[in-house]
Amino acid sequence: HGVEINGKPVPFSYELRNGDVVSVLTGNGKPATDWMRFAKIRSTRSKLRSYFRRKQKESLTDAGAILLMDFLSMYGDLIKKSSYLEQAFDIPTSPDTVAAFLPGKTQYNDVEDLL
């Protein structure tokens, strides 16, 4: 991963001069937050911000699922005992099975909104 200018590897922070020939070396790399310091073009900064927001949302969703499952594993029996439901039910063991416990009309469209 990296950049070659005029056939020579250079750091990402290198500023281009007129006549420079740029070769971008790609791979399976992912952007790093320090790239924002070097991005000069508005559309590039916008795409980087979008990527970082999406990754942050994914990590927060994963963290929410972990917290929810931890809570249900710790307090699932207490929820069953103090429930006012007449029929027995199983405490969800995955975020996908939580959807069955959401009321028909809620402000949440799906489990991801809840997390």
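The shown structure was predicted, so the numbers you read here are calculated from the model rather than taken from an experiment. Quick note: residue numbers are just sequence positions, from 1. Side chains included, hydrogens not; waters and symmetry mates left out as well; all remaining heavy atoms used.
At a threshold of 4.5 Å between side-chain heavy atoms, the hydrophobic network of Ile, Leu, Val, Met, Phe, Trp and Tyr places M36 and F38 in one connected group. Under the 4.5 Å side-chain heavy-atom criterion for ILVMFWY residues, a single connected hydrophobic cluster contains both F71 and M69.
Checked against ring-ring contact (aromatic ring centres under 6.0 Å, His included), Y14 has no partners two or more places apart in sequence or in another chain. Taking V22 as the reference, V3, I5, L16, V24 meet the side-chain contact (heavy atoms from CB on, under 4.5 Å) condition, with sequence neighbours excluded. Every side-chain contact (heavy atoms from CB on, under 4.5 Å) that P31 has, sequence neighbours left out, goes to W35, L48, Y51, F52.
Legend: salt bridge (Lys or Arg N to Asp or Glu O under 4.0 Å) pairs involving residues 40-56, not counting sequence neighbours, sorted by first then second residue: K55-E58. Within the structure, the salt bridge (Lys or Arg N to Asp or Glu O under 4.0 Å) test picks out the following pairs touching residues 15-36 (sequence neighbours left out): D34-R37.
Considering OG1 of T61 and CD of Q56, their distance stands at 10.0 Å, rounded to 0.5 Å.
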